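Shown next, in structure tokens, is the structure this report addresses.
Keep in mind the model is a prediction, meaning the values are calculated, not measured. In each ligand, atom 1 is the first atom listed, and ligand 1 is the first ligand listed.
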Amino acid sequence: MRFDVISIFPELIEGYFQAGVLARGRQRGLLALQVWNPRDFSDLPHQRVDDRPFGGGPGMLMMAPPLLAAIARARRENPEAPVAYLSPQGRPLRQADCQRFSHRAGMILLAGRYEGIDERVMAQVDEEWSLGDYVLAGGELPALVLMEATARLLPGFLGHEASAQEDSFAAADLLDCPHYTRPEQWEGVGVPAVLLSGDHARIARWRRGQSLLRTRARRPDLWVRRQLSVEDIRCLQEAESADES
Ligand SMILES: Nc1nonc1C(=O)NC1CCNCC1
């Protein structure tokens, strides 16, 4: 999968691809990255890319010409890729969206800075995504989050497909269950006996039950949307009775 990112801070994007899963994915040829700096497409002195908003108001805006030229350049290299703009005005990004992105050949990500971008750029934007209802200084972190959450779902990317596909959010918006590893005893606190039982079917039911309990307790917004299966109800009842005992 190829990502083209448009950003005036290419080092923020490149830097994050120097280590971890994104670096390994690129080295293994599962992932390609090209960053385009709008400053390289500015005809103004000092490669200027921002100006004051018409109508007044605080801060500066990114001008359309350099951004549109950078988008056109990226489209030449990644012609099938949709252009996605990261902004608080976009649709909230969810795991299911990243699942869909992971089947694409590529995406062009527009990371804004300043107060925002000239609205005329939106003529070249295919989709708009938000990381959440808060305001960052730039769209680079949202672009990196979208790329990492998508890349880890690519076939062969993590080396253990199961872990990506078994993600709690991959199971349609469930919170993850509790996890334990060695030491088995620590400061008088042990590990749930079921996890030491070797009974994988029972362990799977326990984990799903714990995910359901946690989701119901912590995320009523997710819980209200969940269609409980017969298996869900069984796991939940087992978890509730275990909690009562
Ligand atoms: N939240 C966000 N999800 O995506 N982008 C987000 C964001 O805060 N972008 C900044 C908004 C102000 N201008 C600079 C970029």
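- Using a 4.0 Å cut-off between charged side-chain N and carboxylate O, Arg152 and Glu148 make no salt bridge.
- The protein heavy atom nearest to atom 10 (C) of ligand 1 is Leu136 O, 3.3 Å.
- Between the side chains of Tyr85 and Glu127, no donor N or O sits under 3.5 Å from an acceptor N or O.
- Under 4.0 Å is where a charged nitrogen must lie from a carboxylate oxygen, and between Glu231 and Arg208 no such pair does.
- The protein non-hydrogen atom at the shortest distance from atom 3 (N) of ligand 1 is Leu131 N, 2.8 Å.
- Nearest to atom 13 (N) of ligand 1 among the protein's heavy atoms is Tyr114 O, 2.7 Å.
- Only the backbone of Ser87 comes within 4.0 Å of ligand 1, judged by heavy-atom distances.
- Note: Trp186 and Tyr180 fail the aromatic proximity criterion, with ring centroids not under 6.0 Å apart.
- Atom CZ of Arg28 has more than 12 neighbouring heavy atoms from other residues, nucleotides or ligands inside a 6.0 Å radius.
- Checked by atom type, the side-chain pair Asp4/Trp36 shows a donor-acceptor distance below 3.5 Å.
- At the shortest separation from atom 1 (N) of ligand 1 among protein heavy atoms lies Tyr134 O, 2.8 Å.
- Among protein heavy atoms, atom 9 (N) of ligand 1 sits closest to Pro88 CD, 3.8 Å.
- With ligand atoms numbered from 1 in the order given, ligand 1 contributes 14 (C) to contacts under 4.0 Å with heavy atoms of Ala137.
- For ligand 1, the atoms closer than 4.0 angstrom to any heavy atom of Gly132 are 1 (N).
- The pair Glu115-Arg52 does not meet the salt-bridge criterion, since no charged nitrogen lies less than 4.0 angstrom from a carboxylate oxygen.
- Of all the atoms in ligand 1, the ones that sit under 4.0 Å from a non-hydrogen atom of Gly138 are 14 (C), 15 (C).
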